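I have placed the structure first, in the form of structure tokens, so that the comments after it can refer back to it.
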Amino acid sequence: MKTVFITGGTRGIGKGLVEGYCKAGYKVLFCYKNSTEKATELEQKLTNLGYQVKGYQLDISSYYDVEKFFTKLFESEKIDVLVNNAGICLPQKMLIDTTIEEWENIFKTNVTGVFAVTKMVAKQMMFRGGNIINISSMWGNVGGSCEACYSSSKGAINSLTLALAKELSSANIKVNCISLGVMDTDMNRHLTKEDMEELKQNTPLGRIGKPEDIVDVALLLSKEDIFITGQIITVDGGFTL
């Protein structure tokens, strides 16, 4: 049985990924920052259905916490697939109205967190191979007005994906990225019903994305013998066409 580790696994895309990988026959390990109650409920629900799943509290924005956590985890677990899903965003605002603290906070989680987790897991994968999947955003591809911080952090993840795909290919580690469009998740709950309707109308496929739209792509990119690496696969219903 293959083991997947998913960051930010208690809600939205992360929860969908946890459930999807369980149903696909993986042993699923996931982490979360604050949602202990939701994590416990999710773990219990899936365990009762016969799946192997376990959640861990971990703040990925703290490099040394990540280092300590994985050093301990690797005493008993081997990770075959890593999904870097955890991320945060700001309310929409112009760059000139953004504080340095907000900028640094976005990058600590969305970029440094991915760096820290990937560094630890890649070390373990070095002599076994594996698959690393980064979850990004269409704004990392094309930039979003009043989303400069978030767009910049996701653009960094896109570039990290390309660089690592080259760097880790000789170790048979595939590194790919799923770039998301507008999704029906908690991250977009700040948008009004009118905003969401306008985004829906601007999406060629005529609807907002759902967590399950991501699962099939992630599972494809998790195959051991897949002949795909260094790709940024945009799942946005055609929004950025």
Side-chain angles (χ1 to χ4, degrees), residues 4-18 28-40 42-43 54-74 77 79 81-93 95 97-125 132-137 139-140 144 146-164 175-180 183 185-190 211 214 218:
V4 59
F5 191 95
I6 301 168
T7 66
T10 58
R11 61 193 180 101
I13 299 300
K15 181 181 178 183
L17 288 165
V18 168
V28 178
L29 311 178
F30 69 92
C31 71
Y32 59 93
K33 183 178 180 181
N34 295 316
S35 307
T36 303
E37 185 175 339
K38 288 183 178 180
T40 301
L42 180 61
E43 183 180 332
K54 185 169 179 57
Y56 301 88
Q57 189 165 24
L58 174 66
D59 179 1
I60 66 165
S61 71
S62 172
Y63 176 84
Y64 294 105
D65 285 354
V66 170
E67 187 176 55
K68 181 179 179 181
F69 170 80
F70 279 102
T71 299
K72 180 66 175 177
L73 184 70
F74 290 155
E77 300 286 355
I79 295 172
V81 179
L82 168 64
V83 183
N84 284 307
N85 167 71
I88 60 174
C89 66
L90 295 174
Q92 290 182 316
K93 59 168 66 180
L95 182 69
D97 295 323
T98 302
T99 67
I100 184 62
E101 290 79 15
E102 289 173 324
W103 173 270
E104 290 177 341
N105 193 39
I106 282 276
F107 270 77
K108 277 178 67 178
T109 298
N110 293 5
V111 182
T112 304
V114 173
F115 160 76
V117 174
T118 302
K119 177 180 175 180
M120 294 301 296
V121 175
K123 282 183 178 181
Q124 194 201 48
M125 288 181 173
I132 297 172
I133 302 167
N134 297 321
I135 304 298
S136 182
S137 164
W139 300 134
C146 296
E147 296 270 13
C149 293
Y150 183 73
S151 299
S152 298
S153 71
K154 292 303 183 179
I157 295 306
N158 291 351
S159 294
L160 179 64
T161 299
L162 301 179
L164 283 180
V175 186
N176 291 289
C177 182
I178 303 175
S179 179
L180 307 184
M183 308 302 295
T185 65
D186 290 347
M187 188 173 281
N188 287 321
R189 293 290 184 260
H190 66 284
I214 312 307

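Note that this is a predicted model, so its numbers are computed, not measured. Values below: every heavy atom of this structure, side chains too, minus hydrogens, waters and symmetry copies.
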- With sequence neighbours left out, write down each residue that passes salt bridge (Lys or Arg N to Asp or Glu O under 4.0 Å) with Glu104, or none if nothing qualifies. none
- Task: Working to the nearest 0.5 Å, report the span between OG1 of Thr118 and CG of Leu82.
- Result: 5.0 Å
- Verify, without hydrogens or angle tests, whether Gln57 (side chain) and Thr36 (backbone) share a donor-acceptor contact under 3.5 angstrom. no
- Nearest heavy-atom pair of Gly55 and Tyr32: which atoms, and what distance? C-CE2, 4.1 Å
- Message: Just so I know, are the side chains of Ile60 and Lys33 near enough to count as touching, which here means a heavy-atom distance under 4.5 Å?
- Response: no
- For Glu147 and Cys89, indicate whether the former's side chain and the latter's backbone hold a donor-acceptor pair under 3.5 Å. no
- Message: Run the side chain to side chain donor-acceptor pair (under 3.5 Å) test against Ser152 and tell me which residues pass, sequence neighbours left out.
- Response: none
- Query: Going from CE on Met120 to CZ on Phe115, what distance comes out if it is rounded to the nearest 0.5 angstrom?
  - Reply: 10.5 Å
- Item | Minimum heavy-atom distance between Cys149 and Phe107, given as atom pair plus value | O-CE1, 4.0 Å
- Query: Does Gln92 use its side chain to pair, donor to acceptor, with the backbone of Cys146 at less than 3.5 Å?
  - Reply: no
- side chain to side chain donor-acceptor pair (under 3.5 Å) involving Ser35 - partner list, sequence neighbours excluded: none
- Minimum heavy-atom separation for Leu95 to Ala148, with atom names? CD1-CB, 4.1 Å
- Message: Counting C-beta onward and ignoring hydrogens, is there a side-chain heavy-atom pair between Val117 and Phe70 closer than 4.5 Å?
- Response: yes
- Who are the salt bridge (Lys or Arg N to Asp or Glu O under 4.0 Å) partners of Glu102, not counting sequence neighbours? Lys93
- Sequence-distant partners of Lys54, salt bridge (Lys or Arg N to Asp or Glu O under 4.0 Å), two or more places apart: none
- Mind checking the NZ-CD1 spacing from Lys15 to Ile6? Nearest 0.5 Å is all I need. 13.5 Å
- Message: Less than 4.5 Å apart, side chain to side chain, heavy atoms only: is that true for Phe74 and Ile79?
- Response: yes
- Query: Can you check whether Gly87's main-chain N or O pairs, donor with acceptor, with Asn110's side chain at less than 3.5 Å?
  - Reply: no
- Item | Thr112: partners by side-chain contact (heavy atoms from CB on, under 4.5 Å), with sequence neighbours left out | none
- How far apart are the closest heavy atoms of Ile133 and Val81, and which atoms are they? CD1-CG1, 4.3 Å
- Sequence-distant partners of Lys123, salt bridge (Lys or Arg N to Asp or Glu O under 4.0 Å), two or more places apart: none
- Task: Kindly compute the distance separating CG (Leu164) from CG (Asn176), expressed to the nearest 0.5 Å.
- Result: 11.5 Å
- Considering all heavy atoms of both residues, which atom of Thr161 and which atom of Cys177 are nearest to each other, and what is their separation? OG1-CB, 3.6 Å
- Query: Does some side-chain heavy atom of Asn85 sit less than 4.5 Å from a side-chain heavy atom of Ile214?
  - Reply: no
- Query: Between the side chain of Ser153 and the main-chain N/O of Tyr150, is any donor-acceptor distance below 3.5 Å?
  - Reply: yes
- Roughly how far, to the nearest 0.5 Å, is CG of Leu73 from SG of Cys31? 10.0 Å
- Query: With sequence neighbours excluded, what pairs up with Tyr63 under the side chain to side chain donor-acceptor pair (under 3.5 Å) test?
  - Reply: Lys119
- List in chain and number order the residues that pass side chain to side chain donor-acceptor pair (under 3.5 Å) with Thr10, two or more places apart in sequence or in another chain; answer none if no residue qualifies. none
- Is there a donor-acceptor contact under 3.5 Å from the side chain of Ser137 to the main chain of Ser179? no
- Main-chain N/O of Ile157 paired with Ser136 side-chain donor or acceptor, under 3.5 Å: no
- Correct closest heavy-atom pair for Met183 and Ile13 would be CE-CD1, 3.9 Å
- According to the interplanar angle, ranging from 0 to 90°, do the rings of Phe5 and Tyr56 count as parallel (below 30°), tilted (30 to 60°) or perpendicular (above 60°)? parallel
- Any residue meeting side-chain contact (heavy atoms from CB on, under 4.5 Å) with Asn105, in chain and number order, not counting sequence neighbours: Ile88
- Query: So, Lys154 side chain and Ile135 main chain: donor-acceptor pair closer than 3.5 Å or not?
  - Reply: yes
